[in-house]
Amino acid sequence: MRGTQDLPPLVVTDGRITSLDWFPTIIQRLTNAALPVQIYSDIDPNPTNDHVATGVAAFREHNADGCILLGGGSAMDTGKCIALLVDNPGTVFDYEDRGDNWRRADAARIAPSIAIPTTAGTGSEVGRAAVILDPRDHAKKIIFHPELQPDLVLADPTLSVGLPPKLTAATGMDAFAHCFEAYCAPAYHPMADGIALEGMRLIADNLVAAYDDGTNLDARTHLLMAASMGATAFQKGLGLIHALSHPLGGITGCHHGTANAIFQPYVMIHNREVIEQRMPRLAQCLGLPGERFEDVLQWVLDLRERLKLPHTLAGILNASMIPRLVSMAALDPSLSTNPKPCSAEDLERVLTKALNGDLSA
Ligand SMILES: [Fe+2]
């Protein structure tokens, strides 16, 4: 990709993708184009530094010159970190998004990458960060470098047609949470707000359709765009939904999108006094008959139920785990852009309500 020789790209993907019927076709077409690809698919839904390190070794072993990121957030985030580390020193956590750690990497030594998303949620294909699980403390850590953003994105909705309804729902709610938290983040950023609003409109108009009929290519197309829009918008910031879902996923393995869907209404209620004035415009974009905070909240609850997503953390989290989650959420970078400050007591209260299904103020 960057040399004068035809060196093989490393295709970073996951086991689900390699079993799909179109996967051999893509590999054959690359091979026909005189690109003898190597495949690295040993990736968990919550990838760790070990998955990255093994991928780096595969990249070097095959003398690859770039990465093709084919899959959802796990494959894309792992592949972005492989590209970061193939020619830069240290481990992936040396580049955690704190201070200016990213300056430790030489941008010229980050391998080029092409992202081909197969889900419509993470939006990692347009993002400058990756989320990697640290097994030492079970925390999901955000790895950042401006040049982690893939060089090229091929957004083909036909590749998301086979996504099962449950994953369509969860990833779609992740994209919605990206847009919603970006829209409510306190910074002045009207461009991000506009992108977030349109992203939420596309999700409102298309998520149920794609959930009901995975072959609905129009719906799949709009959701793929909404996912990229969410990740574009959240350069403005995320919030408490993600500050809670990151540690929940790290400790319990709960799917990131499912966790966001559960937390969404409880976080809305916590933030109500500072986001309420933003709801009329959102309600208009969603096409709701009313414009109050309650109208948007009820729409979220109805959508979540329609998609058969859980209302509570029951079966996912024990009450005894809440103190640990509180301390981890307090350290999550997403919390700093929540529109309302959160004390440890606030975090404990929101988690307890999500565990019990308590929608009271
Ligand atoms: Fe997310």
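Only heavy atoms go into these numbers, but all of them, side chains included; no hydrogens, no water, no symmetry mates. Just follow the structure's listing: the first ligand is 1, and inside any ligand the first atom is 1. Along the sequence shown, residues are numbered consecutively beginning with 1. Just so we're clear, the structure is a prediction, and the values are computed from it rather than from any experiment.
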Item to check | Parallel, tilted or perpendicular: ring planes of Phe234 versus His178, cut at 30 and 60 degrees | outcome: perpendicular
Next on the checklist: Would you compute the distance between atom CE of Met229 and atom NE2 of His222 and round it to the nearest 0.5 angstrom?
Outcome noted: 11.0 Å
Checklist entry - Roughly how far apart are Phe176 CZ and Ile241 CD1, rounded to 0.5 Å? => result 8.5 Å
Item to check | Pairs meeting criterion side chain to side chain donor-acceptor pair (under 3.5 Å) with involvement of residues 319-330, two or more places apart | outcome: none
Item to check | Exceeds 12 heavy-atom contacts within 6.0 angstrom, atom CD of Gln284 | outcome: yes
Next on the checklist: For Lys340, I'd like to know if atom NZ has over 12 heavy atoms of other residues, nucleotides or ligands within 6.0 Å.
Outcome noted: yes
Item to check | For the Fe ion (ligand 1), every protein N/O/S atom that sits closer than 2.8 Å, waters excluded | outcome: Asp174 OD1, His178 NE2, His242 NE2, His256 NE2
